[in-house]
Amino acid sequence: MAEAHSAVAFSFAITHDGWDVNFDREVLYLVWESGLRSWNKRLARFRNSIHNGVYPGHLQSLYFLWTVLAAAHFAGFHVPFGLVHKALVVLPGESAPWQVVACLLAALSMWLSVIFLMRYLLKLLLMYKGWMYESRAPGSRVSLRTALWASVVRVLSGWNKPRLYSFQGSLPRLPLPAVRDTTRRYLASVRPLLTDEDFERVRALADDFERTIAVKLQWYLVLKSWWSSNYVSDWWEEYVYLRGRSPLMVNSNFYGTDTLLRPTGVQAARAATIIHYCLRFRRLIERQELEPIMLQGMVPLCSWQYERLFNTVRVPGLESDRIVHYRDSTHVSVHHRGKYYKMMVYSRGRLLNPAEIQLQLQQILSDTTPCAEGEARLAALTAGERSHWAQVRQSLFQRGHNRTSLHAIERAAFHVSLDDIEYGFDESDQSKLDQYGHILLHGNGNDRWFDKSFNLCFSTNGSVGFNTEHTWADAPVMGHLWEYVLWSELQLGYSESGDALGPVPSPPPPPVRLQWELSPALLSAVDVSYKLARELLQDVDLRILMYTDYGKGFMKKCRVSPDAFIQMVLQLTYYRTAGRFCLTYEASMTRLYREGRTETVRSCTNESCAWVRSMADPDSSIQQRMELFLKAAQRHQLGYQDAMAGRGIDRHLFCLYIVSKYLELESPFLQEVFNEPWRLSTSQTPHGQTNLLDLKKYPKCVSAGGGFGPVADDGYGVSYIIAGEDTLFFHVSSKKSCPLTSSSKFVSQIKNSLKDIHDLYVEYNKLQNGLKSK
């Protein structure tokens, strides 16, 4: 009963002496403070909704127009369309105040008409994608059509400072391609992988599909494209992510690394500063003060994915998981040496500064109390099979301490892991990068809460990285957060002793140790997930390559896009490693459209295969190899542009497949499409999305990017980042259990391929210069 009384902030009772009132002023103040914070956020959201609803207009223009119309009306001038007199007809009087109101209604009518006309015009303009296909090489000229388009877009999108979601109503919907266009592109993409006989068979299946059920399936997608904001994204999230029953660890979650520059070696100080600026970034999102990413400073990308960056968790279900996003959270959850803590990051209505958060973290690091039996392995539940975790959650986490502690973790802004081992960059020993990647990708299987939107992981030497759940968003959103946090950290700095900066006027709220009821049934369930997690992580073969012989600068000399250059490197590498070509996946974004996520670029093309074969043919000349290389790179660039412009292949076929399953219609063609595995799955880590990080000023502020696990059992997962003019990073993963793959051999062949292309360009230049001199 003592605990129950102490938990009550306000109570009263009737006694012989009258009313007996007891209350805790501190607790009531916290209640008042929480309510005040909530109402301030509601008012801010309301203001932002109005601002975004009338963008690219501004309320100040309405006030100006109202003033002009009122002045014209009282001066006896005629207001266009007689709007003031029409308004007076419906108003209860014609006195001066009512005339002012009539002027307001007239101004509002004119203003809204102009605003919606501008919004519709901007939406029409953003549907134009011709600018993407025009060369941006030095000396190239932009067409008159694109120049005029760019001028109008800059006027409409740039004259009023946009907020994070200002362009959401102006972004066009993802276009639905014609079935025939998609099947033709698909056939062209698989041609280099099939024999003549197999290709004719697949082409016959495609023709039959077009003549029969494709028409019906397409009509359902047409209706969905008219009705929904994006005809792909909700099904992609549901069927690719949420309905997956395999573990998130390695199979879904991805990781990101620190920069070469580590500003402090104090673990608590680094963690406190990073946590503080992550929460500052959250505040920018909540207040919509974060400017949207704009391609070439004028074409906006969809900002929808930012909504669930914080306060988000993937909750397991028996058949399908669900994403739960909480409107607010005033704490983060922290894991250290098997123990979990709830750490408040707001006090008396303000965000704690880095120095205050460091004190809290230091208390956690200094906690020497032992773990309860099995407590250290609890997070393995989030690393195991999803259905198993769902059953355990429903049966053993619905009451008592387990329910309270689980809610504290799931409702946290994000999760923090204070690791008790050392890892990070070591330029004198690049092999430590492999260990770094392993720790961030999967840890030891029980020290990351894989359900959370992201985990921040801190080494004892101050290095940091993150592990991100993939369902809620794609890598560019985490990349944007990471650029902001690392730039802000550099601006703030640390004390001479390496501690975090900021005043500490009073002790911050102490972290609260989370308690668990670890029954034998729960411990047994945890062991099942832990055993599976250990088998999975021990099978990961991960290698990270830091290549410094050349980078973006040399690629531009070759007159190809850096991304196309790297994709050609990977095609050559896989062929040399496996002795054949394979279906290759490269992720591109479709955020030029509302609620867009990704589309697949099929990097293995007829052109790339022709070039790779020329590199293996001793009779092929330097001239031929270079010409084929340029042609293959241009073809890849076109495929990437088509994917970004909504002319991709795989998302359309995916949605057709989903409709066919709903209608219980079998399609041999669609079965053929989805039976072939992606043995080479690739992705470029986003870099330099903002202009915050100045690599000339901070040359060591270069990140190795991040990586992910292999998609196919007999394939590779390759992530790469073009980090600078002379630095490249590759993250290569595969499975040790597969005798056909080896990440070490793949990395070694990447180095050979990079060198061979460099030599090819040098020899080609010598040849060209020799011809010119003659």
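Taking CG of Leu365 as the reference point, atom CD of Gln360 lies at 12.0 Å (rounded to 0.5 Å). Between Asp328 atom CG and Arg411 atom CZ the span is 11.5 Å, to the nearest 0.5 Å. Annotation: the span from Leu248 atom CG to Lys452 atom NZ amounts to 13.5 Å, rounded to 0.5 Å. Interatomic distance, Arg403 CZ to Trp516 CH2, rounded to the nearest 0.5 Å: 13.0 Å. For the atom pair OG (Ser303) and CZ (Arg163), the distance works out to 13.5 Å, reported to the nearest 0.5 Å. Taking OG of Ser246 as the reference point, atom CG of Leu536 lies at 8.5 Å (rounded to 0.5 Å).
Judged as a ring pair (Phe, Tyr, Trp, His ring centres under 6.0 Å), and not counting sequence neighbours, the contacts of His335 are Tyr340. Residues satisfying the side-chain contact (heavy atoms from CB on, under 4.5 Å) criterion with Thr369, sequence neighbours excluded, are Lys339, Asp367, Arg513. Not counting sequence neighbours, the partners of Leu537 by the side-chain contact (heavy atoms from CB on, under 4.5 Å) test are Met249, His442, Arg534. With sequence neighbours left out, the side-chain contact (heavy atoms from CB on, under 4.5 Å) criterion links Arg543 to Asp434, Asp541, Ser743, Ser744, Val747. In terms of the side-chain contact (heavy atoms from CB on, under 4.5 Å) criterion, residue partners of Val324 (sequence neighbours excluded) are, by chain and number, Val313, Val315, Arg322, Tyr326.
Residue pairs meeting the ring pair (Phe, Tyr, Trp, His ring centres under 6.0 Å) criterion with at least one member in residues 252-274, sequence neighbours excluded, are Phe254-His470, Tyr255-His731.
Side-chain contact between Ile439 and Cys457 is absent, with no heavy atoms from C-beta onward closer than 4.5 Å. Side-chain contact between Val526 and Leu518 is absent, with no heavy-atom pair separated by less than 4.5 Å. Two residues are said to be in side-chain contact when any heavy atoms from C-beta on lie closer than 4.5 Å; Pro247 and Leu532 meet this criterion. Looking at heavy atoms from C-beta onward, Arg308 lies in side-chain contact with Ile323 at the 4.5 angstrom threshold. Residues Met343 and His331 fail the side-chain proximity criterion, which asks for heavy atoms closer than 4.5 Å. For the pair Asn446 and Leu378, the minimum side-chain heavy-atom distance is 4.5 Å or more. By the 4.5 Å heavy-atom criterion applied to side chains, Met294 and Leu301 are not counted as neighbours. Using a 4.5 Å heavy-atom threshold, the side chains of Lys342 and Met344 count as touching.
Within a 6.0 Å radius of NE2 in His401, other residues, nucleotides and ligands contribute 12 heavy atoms or fewer. Within a 6.0 Å radius of CD in Gln398, other residues, nucleotides and ligands contribute more than 12 heavy atoms.
In this structure, Trp449 and His415 have tilted ring planes: the angle between them lies in the 30° to 60° band. Taking the six-membered ring for Trp and thresholds of 30 and 60 degrees, Phe730 and Tyr720 have ring planes inclined between 30 and 60 degrees apart. Ring pair Phe281/Phe310 is tilted by interplanar angle, where 30° to 60° counts as tilted.
A salt bridge between Asp499 and Arg270 is absent, with no side-chain N of the basic residue lying under 4.0 Å from a carboxylate O of the acidic one. Under a 4.0 Å N-O distance rule, the pair Glu385/Lys531 does not qualify as a salt bridge. Salt-bridge check for Arg350 with Glu356: passed, with a basic side-chain N closer than 4.0 Å to an acidic carboxylate O. Checked for salt-bridge contact, Asp447 and Arg377 miss the test: no charged N lies under 4.0 Å from a carboxylate O. A salt bridge links Glu410 and Arg393; the closest N-O separation between the charged side-chain nitrogens and carboxylate oxygens is under 4.0 Å. Taking a cutoff of 4.0 Å between a charged side-chain nitrogen and a carboxylate oxygen, Arg337 and Asp420 qualify as a salt bridge.
The main-chain N or O of Ala525 is found under 3.5 Å from a side-chain atom of His388 such that the two form a donor-acceptor pair. Of the possible polar contacts, none joining the Gln305 side chain to the Arg597 backbone as a donor-acceptor pair under 3.5 Å is found. The backbone N or O of Met589 sits nowhere less than 3.5 Å from a side-chain atom of Thr598 that would complete a donor-acceptor pair. With hydrogens and angles ignored, the 3.5 Å screen pairs a side-chain donor or acceptor of Gln358 with a backbone N or O of Ala500. The backbone N or O of Trp482 lies less than 3.5 Å from no partner atom in the side chain of Trp487, so there is not a single donor-acceptor pair. Formation of a donor-acceptor pair under 3.5 Å by the Glu483 side chain with backbone atoms of Met478 is not found in this model. Trp472 places no side-chain N or O within 3.5 Å of a backbone atom of Thr312 that could act as its donor or acceptor partner. Using modelled atom types, no side-chain atom of Glu469 and backbone atom of Arg314 make a donor-acceptor pair closer than 3.5 Å. With Ser329 contributing its side chain and Ala413 its backbone, the two residues share a donor-acceptor pair below 3.5 Å. The main-chain N or O of Ser463 is never found under 3.5 Å from a side-chain atom of Asp258 such that the two would form a donor-acceptor pair.
Here the shortest heavy-atom pairing between Glu517 and Gly400 reads OE2-CA, 3.7 Å. Closest approach of Pro354 and Ala272 over heavy atoms only: O-CB, 3.2 Å. Residue Ala533 comes nearest to Ala383 through the heavy atom pair CB-CB, 3.9 Å, listed as atom of the first residue, atom of the second, then distance.
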* List the steps and the verdict of side chain to side chain contact (heavy atoms under 4.5 Å, CB included) for Ile357 and Leu361. => CA-CA 6 Å; Ile357 297 176; Leu361 294 173; 4.1 Å; yes
* To do: Could you please spell out the steps behind the side chain to side chain donor-acceptor pair (under 3.5 Å) verdict for Arg448 and Asn253?
  => CA-CA 11 Å; Arg448 309 281 183 260; Asn253 287 27; over 6 Å; no
* For Glu291 and Leu164, what are the C-alpha separation, side-chain angles and deciding distance, and is it a side chain to side chain contact (heavy atoms under 4.5 Å, CB included)? -> CA-CA 5 Å; Glu291 291 190 22; Leu164 183 59; over 6 Å; no
* **Intermediate values then yes/no, side chain to side chain contact (heavy atoms under 4.5 Å, CB included), Asp726 and Thr548** => CA-CA 6 Å; Asp726 56 1; Thr548 56; over 6 Å; no
* Derivation of the side chain to side chain contact (heavy atoms under 4.5 Å, CB included) call for Tyr341 and Val512 -> CA-CA 5 Å; Tyr341 303 83; Val512 177; over 6 Å; no
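Aromatic rings of Phe397 and Trp389 (six-membered ring for Trp) have centroids within the 6.0 Å cut-off, being under it. Taking the centre of each ring, Phe454 and Phe466 stay at or above the 6.0 Å mark.
A donor and an acceptor atom, one from each side chain of Arg280 and His276, are located under 3.5 Å apart. For the 3.5 Å distance criterion, the side chains of Ser683 and Ser719 fail to qualify, holding no donor opposite an acceptor. The closest side-chain donor-acceptor pair between His438 and Tyr423, if any, does not fall under 3.5 angstrom.
Screening Val702, Leu260, Leu728 for a side-chain contact (heavy atoms from CB on, under 4.5 Å) involving Met546 leaves a single residue, Leu260.
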